[in-house]
Amino acid sequence: MSEKRNTVIKSTKKTCPQIVNYFKCTFPAKSINESYARTLVSAFVSQLDPTVSDMADLKTAVSEAVTNAIVHGYKESTKDSVVYLSGHYRTDGTVSVEIKDKGCGIEDINKAMEPMYTTSPGDERSGMGFTVMASFCDKIKVSSAKGKGTTVILEKKLSST
Amino acid sequence: MTISYNSSPETLNVKLSGEIDHHSAKTAREEIDKKYRKDGCKNITLDMSSITFCDSSGLGLIMGRYRTVKEYGGELFVKNPASVVEKMIRLSGMDKLINVVE
């Protein structure tokens with residue numbers, strides 16, 4: 001069976017050096033876990049002694065992606081609504097974080113990535129999630145298939161302190 | 001996130017401390033709107049100097065309160081936004097719309 005999977009990559013930098021360390025975790029798609037996810041990433045990344053600004057940017061981007069998975073990916077939370085979070089960093093100080101859900105997927109990724117675009121304006125969503133992710137990271141890769149879920153990969157090269 | 005109030009007849013002064021994300025913003029906006037309607041103020045000042053984390057949910061919170069005060073002919077002020085908040089405000093271009101004060 002062929003599966004329609006759309007991928008959009010917005011990149012400003014290229015990386016490929018060796019992976020030094022990685023982590024992997026899963027948690028239920030509950031909004032209370034948004035702070036858990038970004039705190040976990042910040043604890044992991046602190047091994048690289050990042051600047052306060054880089055750390056704040058990465059935490060914010062991760063928070064946006066995890067919130068999207070919980071709010072949009074899993075519109076109705078069930079016991080199977082799980083967010084998959086993993087990440088690694090490389091010898092050159094490039095951090096990569098993957099946020100994955102097996103929710104409803106995004107029909108039109110380019111549309112979803114437009115600033116101020118939101119599917120739930122009544123909910124006071126600003127529609128700035130992807131804009132924040134793209135501005136606060138060097139690279140964002142979004143792949144999604146309707147009914148299958150969405151994967152967001154965020155990459156950021158940390159400046160050394 | 002913790003919220004504290006200090007109302008004057010014209011303005012509801014709200015001090016927000018801690019982290020604003022989608023989880024905490026939901027409770028905050030409900031509480032602030034309830035207090036605003038109860039006190040019958042015209043304007044809202046959000047003191048965001050003690051915010052330690054802010055994602056786009058914080059923008060939603062600010063934009064939502066902007067709409068609330070506009071409904072009642074009031075003004076929204078964002079006071080001393082912490083750097084994390086200021087960065088989000090600038091990114092969204094909201095600084096052209098709302099009053100950022102010291």
Side-chain angles (χ1 to χ4, degrees), chain A residues 27-39 41-42 51-75 77 83 99 112-137 154, chain B residues 1-3 14 16-34 36 44 46 48-71 76 78 81-98:
Chain A
F27 52 85
K30 297 179 191 298
S31 64
I32 198 160
N33 283 329
E34 290 153 11
S35 65
Y36 165 73
R38 62 176 181 267
T39 308
V41 170
S42 98
T51 62
V52 173
S53 160
D54 277 356
M55 181 72 110
D57 288 357
L58 193 62
K59 272 175 81 173
T60 310
V62 168
S63 193
E64 298 294 351
V66 171
T67 302
N68 275 355
I70 294 170
V71 176
H72 302 293
Y74 300 111
K75 285 188 177 67
S77 188
V83 179
I99 302 98
M113 290 180 88
E114 279 173 17
M116 313 299 249
Y117 176 80
T118 178
T119 49
S120 46
D123 222 17
E124 286 193 3
R125 304 294 312 149
S126 64
M128 291 295 286
F130 277 122
T131 309
V132 170
M133 288 182 244
S135 332
F136 288 9
C137 294
L154 303 169
Chain B
M1 180 167 50
T2 56
I3 310 169
V14 186
L16 303 168
S17 315
E19 304 198 321
I20 306 181
D21 61 8
H22 153 252
H23 181 74
S24 62
K26 192 176 181 292
T27 340
R29 70 171 196 249
E30 286 166 4
E31 273 189 37
I32 296 167
D33 283 2
K34 205 171 133 194
Y36 176 72
I44 295 180
L46 298 174
M48 301 184 88
S49 57
S50 301
I51 292 297
T52 53
F53 175 85
C54 177
D55 66 13
S56 69
S57 308
L59 291 177
L61 182 75
I62 298 171
M63 276 158 66
R65 304 297 70 66
Y66 175 79
R67 286 195 202 104
T68 305
V69 294
K70 285 292 156 193
E71 253 179 63
L76 176 76
V78 174
S83 62
V84 282
V85 180
E86 205 195 351
K87 203 167 175 181
M88 296 298 288
I89 293 176
R90 246 186 297 124
L91 178 71
S92 66
M94 228 161 45
D95 44 347
K96 295 178 192 80
L97 201 67
I98 56 163

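Per chain, numbering begins at 1; letters A, B, ... match sequence-line order.
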- Query: For B:M88, is it the side chain, the backbone, both or neither that has a heavy atom under 4.5 Å from a heavy atom of chain A?
  - Reply: side chain

- Item | 4.5 Å side-chain heavy-atom contact, A:S35 and B:H23 | no

- Heavy-atom side-chain proximity of A:D57 to B:K87 below 4.5 angstrom: yes

- When rounded to the nearest 0.5 angstrom, what is the spacing between NZ in A:K59 and CG in B:D21? 10.5 Å

- Query: Can you name the residues of residues 24-32 of chain B that have some heavy atom under 4.5 Å away from a heavy atom in chain A?
  - Reply: B:R29

- Query: Going by residue number, which parts of residues 54-64 of chain B are within reach of chain A, meaning a heavy-atom gap below 4.5 Å?
  - Reply: B:C54, B:D55, B:S56, B:S57, B:L59, B:G60, B:L61, B:M63, B:G64

- Task: Identify the two heavy atoms, one from A:M128 and one from B:L91, that lie closest to each other, and give their separation to 0.1 Å.
- Result: CE-O, 4.0 Å

- Note on the structure: Ranked by heavy-atom pairs below 4.5 Å to chain B, first place among A:I32, A:V132, A:T67 goes to A:I32

- Go through the structure and list residues passing salt bridge (Lys or Arg N to Asp or Glu O under 4.0 Å) with B:K70, not counting sequence neighbours. B:E75

- Message: Under the rule for salt bridge (Lys or Arg N to Asp or Glu O under 4.0 Å), what residues qualify as partners of A:E34, not counting sequence neighbours?
- Response: none

- Check whether A:T60 gets within reach of chain B through its side chain, its backbone, both or neither, counting any heavy atom under 4.5 Å. both

- Contacting moiety of A:V71, where chain B heavy atoms sit under 4.5 Å: side chain

